[in-house]
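Below is one structure, written out as C-alpha cells; the observations come after it.
Note on naming: letters A, B, ... go to the chains in the order of the sequence lines (proteins, then strands), and numbering restarts at 1 for each one. Side-chain atoms are counted along with the backbone in the values below, which use heavy atoms only and exclude waters and symmetry mates.
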Amino acid sequence: MRRRELWGWITVAVVLSALAIPWFLWGDDTLIAGVPLWLWWHVGWMGLASIVFWLFAQRAWGIGIEATPSSSESEPKGQRRSSNSAAWGDEP
Amino acid sequence: MTLTIQLGIIVGYLTLALGIGLVAYRMTDRTAEDFYLASRTFGTVVLLFTTFATLLSAFTFFAGPNVAYHEGPEWVLVMGLMDGIIFAILWYVIGYKQWLLGKQYDYVTLGEMLGDRFASRWLRGLVAVVSLVWLFPYVMLQQVGAGTALEALTDGAVPYAVGAGLITAFMILYVVVAGMRGIAWTDTLQGAFMLVTTWVAMLWVLAVVGGPGAATAALEAEAAHHLALGSDHYTIQWMLSTAIVIGFGVAMFPQVNQRFFAAGSKTVLKRSFALWPLLCVLLFVPSFMLGAWARGLDVAVPEGGNVLPAVLAEFTPVWFAALVIAGAMAAMMSSSDSMLLSGSSYFTRDLYRPFVERDVSERREDLLARVGVVVFASAAFAVSLLNPATLFELGDAAFSGFAQLALPVMIALYWRGTTRAGITAGILSSQLFYLSSLFVAAVPAAYGGWTAGLVGMGVGLVVTVVVSLVTTPAAAERRSIYFDGLGAD
C-alpha cells in the first residue's frame, strides 16, 4: 500500500516537472491581457505545484525516507545522537 | 546628487546589517555548530528567505533580466522548472533526509555525512576539495562583481581594488561577528526587500508606459519572435539541460546544502517546501518581464551593461533606482557571506580537523571557523587581483560542477548497495569528465544539444552504480545508518 502510494507520488513529481514548460505551446505567441499565454501557464502551473506540494506535506511527508510512517507516534526515538567522535568519518 | 543618494543607501544598508549581526552575536553560543548552523533553529520565514536570498540574488537582478532582454523572457520557464519544481523536489528528497541525519548524528557538512557512512576520511576530504574548487572562484566572481559595480557607480572615484577590498573586509567582519544566525536574519530582510522592490519597479514602469498591453505591443514591434515560445537560443535540449543541471547543482552548493541541516523542525521544512514555487513565480516574473519589455521601450543599454539599472534610470526617480541598485549590491554580498561561512566550515571540519589536528575543543573549533573565513575571503580577493582566466571560467561553470556531485550523493542516500569505491569513483569520474569538457579541446561541451554538465551527471550515475555492483563494501562502512531508525522527533 505504502509502496503504491510512493510510486503515485513519484509519478506526480515527474508530471509536475515534465509540464512546467508548456511544450505543447511551442512556437505559440498568443497574447492574453498583454502577456503571452505560455507565461500564464507558468503562473498557473507554479500555483498548482504549490498546492500539490502542500498536499504532499500534509498527507505523505516522510514517505520513502522515514523508517516508519510519521503519523504513528508509537515509540519515541531514543537518544541516538552519536558522540562527536563517532561522527568523524574515520576508520576506527 | 545621484552618487550621494546611492552611496548613502549602501552605507545605510551596511550599517543596518552590521547592527543585526551584533544582535545575533549576543545570542550566539561559542560553538562551531552555532556559528555554522545557528544550532539548527531556523523557522519557516527565515529558512525560506535565507535560502532564497543566498541563492538567487545577483542573478535575479542583473544577469536574468539581461538574458530576457537579449533572447526573450523564456528564462522564466527555465528558472521555474529549475528552482520552483526540481529544487523543491530535491528539498524533500535530499534536504529532508539530510536534515534527519544531521539531527541524529550531528553532521554539519555534506562531506561529514558521507565520510561517516562510508567510514572514509579521504571521501570526506574529497567532497570538501571538490566543493572548494568550485566555490572559491565563485566567491571571487562575486567580489569582482561588487567591486566593478562600485567602480561604475562612483564613475571610477572608488577604483576596483579599493571597492572590492572594502567589501571583502566588511564581509569578513560581518561573517566573523554574526555567523549563520546573523546572515540568515539579514537574508530575510533582503529577501523581503527584493520581492517588494521588484514588484514596485515593474508596476512603476508599466504605469508610465501604459500597462502590460502597451509594453508588449512595443516589444512585438521591436522583436516579435521574443513573444513566441522557443527560439534558436531556447531549444528544448538547452532549456531542459540548464534547468536540470542548475537545479541539482543548487542542492549541492555548500551554502544551500548546509541550510538543509539548519531547519528548526519538520514543520519548517514542510512549509518552506510548499511555498517555494510561489516565491519563485513572485520574484522571477516581474524581474524577467522588466528585462524583456525593456527591449521594446527604447531603453539605452550600454554595451555589455546591465538592463535593469538602465530601465529604472529611464522610468523611475533617482532615489528609487538607487534603492534597487543598492539592494542588488547588498544582495550580491549576502550570497558571498553565506558562501564564506560554508567554505570555512568545509575547510575546518572536513580538511583541517581530520587531516591536521584531530582533537579540537568546541571553543577552539569555533575560533578556527572564524579564522577560516578570514583566510578564505582574503585569498579569494588577492587572487581576483591577478585576473586569472582559468578561475573565472571555473566560477562561471560552478553550478554544473556542483551538479556532478548530486547523483552519487542521492544514490548513496537511497541505495544500501552503494560502496565506498562506487561513490568515490562516481564523484571522481564525473568531475574529471566535466572539467575536461571545460579545459580539454578534445572533449566537446555539447552532445546533440545536451550540455556536458548533464552528460557528466549521467557519467557519475552510471559509474557509481556499476562500481558499487562489482566491488564489496569495506568492513568499516556503516551501511544501515541512512536507513534504520530514521524518523522525526
task: Counting only heavy atoms closer than 4.5 Å, note whether A:Leu31 contacts chain B via side chain, backbone, both or neither.
output: side chain
query: What pair of heavy atoms forms the shortest contact from A:Ala20 to B:Leu81, and how long is it?
result: CB-CD1, 3.7 Å
statement: Honestly, the part of B:Glu220 sitting under 4.5 Å from a heavy atom of chain A is side chain
field: Interface moiety of A:Ile51 toward chain B, non-hydrogen atoms closer than 4.5 Å
entry: neither
query: Is it the side chain or the backbone of A:Ile63 that comes within 4.5 Å of chain B heavy atoms, both, or neither?
result: both
field: Distance in Å, B:Leu278 CG paired with A:Ser50 OG, rounded so as to fall on 0.5 Å steps
entry: 3.5 Å
message: If I take atom CD from residue A:Glu66 and atom CG from residue B:Leu100, how far apart are they, to the nearest 0.5 angstrom?
response: 6.0 Å
- prompt: Is any side-chain heavy atom of B:Tyr96 closer than 4.5 Å to a side-chain heavy atom of A:Trp61?
  reply: yes
Proximity breakdown for B:Val93 and chain A, heavy-atom pairs closer than 4.5 Å: backbone
- prompt: So, do B:Leu240 and A:Trp23 sit near enough that their side-chain heavy atoms are less than 4.5 Å apart?
  reply: yes
- prompt: Which distance, rounded to the nearest 0.5 Å, do you find between the CD1 of B:Ile236 and the CD1 of A:Ile21?
  reply: 9.0 Å
message: Taking the six-membered ring for Trp, are B:Tyr92 and A:Phe56 closer than 6.0 Å centroid to centroid?
response: yes
query: So, do A:Phe53 and B:Ser272 sit near enough that their side-chain heavy atoms are less than 4.5 Å apart?
result: no
field: Minimum-distance pair of heavy atoms, taken over all atoms of B:Pro277 and A:Met46
entry: CB-O, 3.6 Å
